[in-house]
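As structure tokens, the structure follows; a few thoughts come after it.
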Amino acid sequence: MAELKGKHVLAITVGSFVVIIAVNLTLAFKAVSTFPGLEVKNSYVAGQGFNARKAAQEALGWTLAPKYSDGRVELAFTDRDGLPVRVDDLQVLIGRTTEAANDVWPEFVLAGDVYFARVDLARGKWMVKVTARAPDGTLFEQRSELFVQG
């Protein structure tokens, strides 16, 4: 075995720091390049009417149950009594919670008591962000998780 000299120790130290810095730069680049962005431009202004919007939405008494099966996303809106609800101006964002690369805005169609859209989703956890309006104009917003198996 060769003798460990000062130049070897220096090479080991510099090599270690190069590896650490390269890993940190790679992780920083991935974090910045996959960040989907801000939810709102100004959180203070957005928060001003939050309590009023929340109370109005809770007064609707709606629940939303998203489902996924065989390339089909279904949204079932129900009222307090479990009866189906029809909504106006339905907008749905489906995407991953960690990146915006796979985000889609599918067009949903009412079929019976359920709104549906054809979307091919890969296995894993998805976010379903729904915005709709009640017939009286009350805004309904909900973010749900959707788990796609196999």
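Computed from a prediction, not measured in an experiment: that's the story for all the values here.
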Side chains of V130 and Q91: closer than 4.5 Å at any heavy-atom pair?
no
What one should report as the nearest heavy-atom pair of E107 and A117 is O-CB, 3.4 Å
Between CG on residue D103 and CD1 on residue I94, distance to nearest 0.5 Å:
10.0 Å
Would you say the side chain of V73 lies within less than 4.5 Å of the side chain of F116, judging by non-hydrogen atoms?
no
For F140, the ring pair (Phe, Tyr, Trp, His ring centres under 6.0 Å) test, sequence neighbours excluded, returns W62, F77
If you look only at distance, which donor and acceptor atoms sit under 3.5 Å apart when one is on a side chain in residues 141-150 and the other is two or more places apart or in another chain?
from: Q142; atom 1: NE2; to: S144; atom 2: OG; distance (Å): 3.0
from: R143; atom 1: NH2; to: E39; atom 2: OE1; distance (Å): 3.0
from: R143; atom 1: NH2; to: E39; atom 2: OE2; distance (Å): 3.3
from: E145; atom 1: OE2; to: K125; atom 2: NZ; distance (Å): 3.0

Using modelled atom types and a 3.5 Å cut-off, is there a donor and acceptor pairing between side-chain atoms of Y115 and backbone atoms of L90?
no
Partner set under side chain to side chain contact (heavy atoms under 4.5 Å, CB included) for L83, not counting sequence neighbours
D79, D81
How many angstroms lie between atom NZ of K129 and atom CG of L93, to the nearest 0.5 angstrom?
7.0 Å
Write out all pairs satisfying side-chain hydrogen bond (donor to acceptor under 3.5 Å, both in side chains) with one or both partners inside residues 48-57, taking only residues at least two apart or from two chains.
Y44-Q48
Test side chain to side chain contact (heavy atoms under 4.5 Å, CB included) applied to V45 - qualifying residues, sequence neighbours left out:
N42
I'd like to know if the side chain of R86 reaches the main chain of A134, judged simply by a donor and an acceptor atom lying under 3.5 Å from each other, with no hydrogens or angles considered.
no
What heavy-atom pair brings G137 and R133 nearest, and what distance separates the two atoms?
O-NH1, 2.9 Å
Could you measure the distance from the CG atom of N102 to the CG atom of D120? Nearest 0.5 Å is fine.
12.0 Å
So do L75 and V114 actually touch side chain to side chain, heavy atoms under 4.5 Å?
no
Connected via hydrophobic side-chain network under 4.5 Å: L110 and W105:
no
Please list all pairs meeting salt bridge (charged side-chain N to carboxylate O under 4.0 Å, His left out) that have one or both residues in residues 62-75, counting only residues at least two apart or in different chains.
R72-E74
Nearest 0.5 Å please: distance from the CD1 atom of I20 over to the CG atom of L25.
12.0 Å
Does the side chain of V92 come within less than 4.5 Å of F108's, by heavy atoms?
yes
Can you tell me how far the OG atom of S69 sits from the CG atom of L121, to the nearest 0.5 Å?
11.5 Å
